[in-house]
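In what follows, chains carry the letters A, B, and so on, assigned in the order in which the sequence lines appear, proteins first and then strands, with residues in each chain numbered from 1.
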Protein chains: 2
Amino acid sequence: MIRLLIADDHPVVRAGLRAVLESEPDFAIVAEAATAERAVELAAEPGVDVVLMDLQFGPGSAMNGAQATAAITARPGAPRVLVVTTYDSDADTLPALEAGATGYLLKDAPPEELAQAVRAAAAGRSALAPSVADRLLERMRTPSAALSARETEVLGLVADGLTNQQVSQRLHLSQATVKSHLVHVYTKLGVDSRTAAVREARRRGLIR
Amino acid sequence: MIRLLIADDHPVVRAGLRAVLESEPDFAIVAEAATAERAVELAAEPGVDVVLMDLQFGPGSAMNGAQATAAITARPGAPRVLVVTTYDSDADTLPALEAGATGYLLKDAPPEELAQAVRAAAAGRSALAPSVADRLLERMRTPSAALSARETEVLGLVADGLTNQQVSQRLHLSQATVKSHLVHVYTKLGVDSRTAAVREARRRGLIR
DNA sequence: GCGCCGGTCAACCTTTTGATTGATGCTGCT
DNA sequence: AGCAGCATCAATCAAAAGGTTGACCGGCGC
C-alpha cells in the first residue's frame, strides 16, 4: 500500500487527484495540504510514502512548491516528492528537481500515467513527463550558459519595460554597468536586442 | 436537479469538478467532454442545464473554449455556459463573455463558490469571479482604446524580438509605417518604449 | 601568489528607436 | 458629399540602445 499526501492549493485539483488515485487499490491518500507550509509539516509525520506536490501556491503564499520540496527531502527518511504541476518551464522544473523531487508530471497526464509515476516514485525510481525529459536532455547538449544573478536581475527589470537609465537608478548603478550586463546577456542568449532577450529568456523560463 | 456537462481536457480536473459538484444533492453530472468539439455535440443533446467549460484544450485542438461557447449558445434553448479556467487574462475573458458565457470562474475557487455559481448560471444569473468582475469594471471606466488589428500584428512581432526593420520586411512595409503603428500603440497603452508596450499588452492580455 | 570570473565603470561610435509633422488613399458611416 | 478612422509613407531631430575596448576591484580556487 502506497500512502500519499496531496499538496495543492486548488480544491478542485486536490479532489481530482484524490478521485483519480483512490481508484487504484494499492494507493491510500492519507492527507491533504492546501499550503506549502502545511505540506512540509504533514510530510514530516511518519506514514507518508509519496508527496504529490504542486509548484504554485497562489500569490498569498510565502513558500513555493520547490522550497517545500527542498524542506521535505532534506530530512532523513523523508518521503519521495513527485511534482505534479499545470505548466512546465525551465524556471520551475530545474529548481524542483534540484530540490530533490523524484519526478515531474503535468496535470494533463492521463490517470494511468499518474499512477505509474506514483509507483515509480514510491520505489525510488524517477518519473518525468516526456516534455520535461526532452528539455533536460536539450539542456545537457547545450551547455546553457546560465545568466548570473545580477544579469537576471537586470533582465527582469528590462522585461518590465524599464529603460537602461531607469534600471541603473533602480539598482544604483551607472548606465555603463547596465549596458555591460545586457551585452553579456545578449551574447549568452544569442540575441542582439533587449526585446529579443526578454522573449528568449521567457521562452527558456529564465524569467517570469 | 441541475444537470451538468463538464468540458475539460484534463482528466484530473474533470475528476475534481465531478467530485466537488457531485457532493451537492441538487447537482447531477450527466456527461463529460475531453474536447471542445465533443462538448458542442453533447451540449446539443437535451437534458443539460449548465456546461462547465474550460478555455484551453491543449495544443492539438482546433477549437478553443470560447469558440465552443459561441457554438453552444448560438442554438435556441441552449444550456448556460459557465467558464471555469485556470488563469484569467483579458485576452481570454472577453471573448468568452462575448461568446455568451453566463459566468467566469477560476479553478482555484472554493467548492462553495463553485456550487453557488452553478446555481446562479442555472437560474440565468451571471456569476463572475471577483478578479474578473474587477477587470470588467476597470475596462468600463477606461474606454480601453483597443489596438487595431494591424497595430496588434506589429506589436506581436515586436514582442517576438524583431526590430522595426525586421518587422517592416516581414509585413512588406516601410520602417516609417512600422514606427507610425508603434507610436500609436505607445500612446494607446500609455508607455514610451517597445519593451514597456510588450509588457503592458501582455498584462492586458492583448497579445500572447 | 596568481589567474579567473563577476561586477563595476568610462569613452567612443554606430545603429536603432521614439517624437513630430505632414501627406495620401481607402473604407465605412451618416 | 463629408467625415472619421485606419493604413500607408517621408523627412527630420533627439534620445536610447547596442558594440567595442579597456580598466579596476573583490572573491574563489589551485
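The list of side-chain hydrogen bond (donor to acceptor under 3.5 Å, both in side chains) pairs with a residue in residues 175-186 of chain B, not counting sequence neighbours, reads B:Gln165-B:Gln175, B:Ser174-B:Thr177. Evaluation of the salt bridge (charged side-chain N to carboxylate O under 4.0 Å, His left out) test over residues 51-76 of chain B, restricted to residues two or more places apart or in two chains, returns B:Asp54-B:Lys107.
Remark: A:Ser148 pairs with A:Glu151 by the side chain to side chain donor-acceptor pair (under 3.5 Å) rule, at least two apart or across chains. The side chain to side chain contact (heavy atoms under 4.5 Å, CB included) search around A:Ala196 returns A:Val191, A:Ser193, not counting sequence neighbours. Every residue was checked against the side chain to side chain donor-acceptor pair (under 3.5 Å) condition with A:Arg170, not counting sequence neighbours, and none meets it. Applying the side chain to side chain donor-acceptor pair (under 3.5 Å) criterion to B:Asp49, with sequence neighbours excluded, gives B:Arg3. By the side chain to side chain donor-acceptor pair (under 3.5 Å) test, B:Asn164 is found to be paired with B:Arg194, residues two or more places apart in sequence or in another chain being considered.
The distance from the CD atom of A:Glu153 to the CD1 atom of A:Ile207 is 13.0 Å, given to the nearest 0.5 Å. The line from CD1 of A:Ile6 to CD1 of A:Ile29 is 4.5 Å long, rounded to the nearest 0.5 Å.
Of the residues in residues 174-187 of chain B, those placing a heavy atom less than 4.0 Å from an atom of DNA chain D are B:Ser174, B:Ala176, B:Thr177, B:Ser180, B:His181, in numerical order. Looking at residues 150-173 of chain B, you'll see B:Arg150, B:Leu173 sit with a heavy atom under 4.0 Å from some atom of DNA chain D.
A 4.5 Å side-chain heavy-atom check between A:Gln56 and B:Asp108 finds every atom pair outside the cut-off. Using a 4.5 Å heavy-atom cutoff, the side chains of A:Leu4 and A:Leu17 are not in contact.
A salt bridge does not link A:Asp8 to A:Arg14: none of the charged nitrogens lies less than 4.0 Å from a carboxylate oxygen.
Of the candidates A:Val167, A:Leu157, A:Leu171, A:Leu162, A:Val167 is the only one forming a side chain to side chain contact (heavy atoms under 4.5 Å, CB included) with A:Val178.
Between B:Ser148 and D:dA7 there is a side-chain polar atom (N or O) within less than 4.0 angstrom of OP1 or OP2.
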Between the protein and nucleotides 23-26 of chain D, list the N/O to N/O atom pairs that are separated by less than 3.5 angstrom.
none

Between protein and nucleic acid, restricted to nucleotides 23-30 of chain C and to nitrogen or oxygen atoms under 3.5 Å apart, what atom pairs and distances do you find?
none

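Judged purely by atom type and a 3.5 angstrom limit, B:Gln166 uses its side chain to pair as donor or acceptor with the backbone of B:Thr163. Listed for the A:Gln67 side chain is a donor-acceptor partner under 3.5 Å among the backbone atoms of A:Asn64.
Taking five base pairs at each end of the helix from C:dG1-D:dC30 to C:dT30-D:dA1 and finding the rotation axis that steps the C1' atoms of four pairs onto the next four gives two axes whose angle is 50°, to the nearest 10°.
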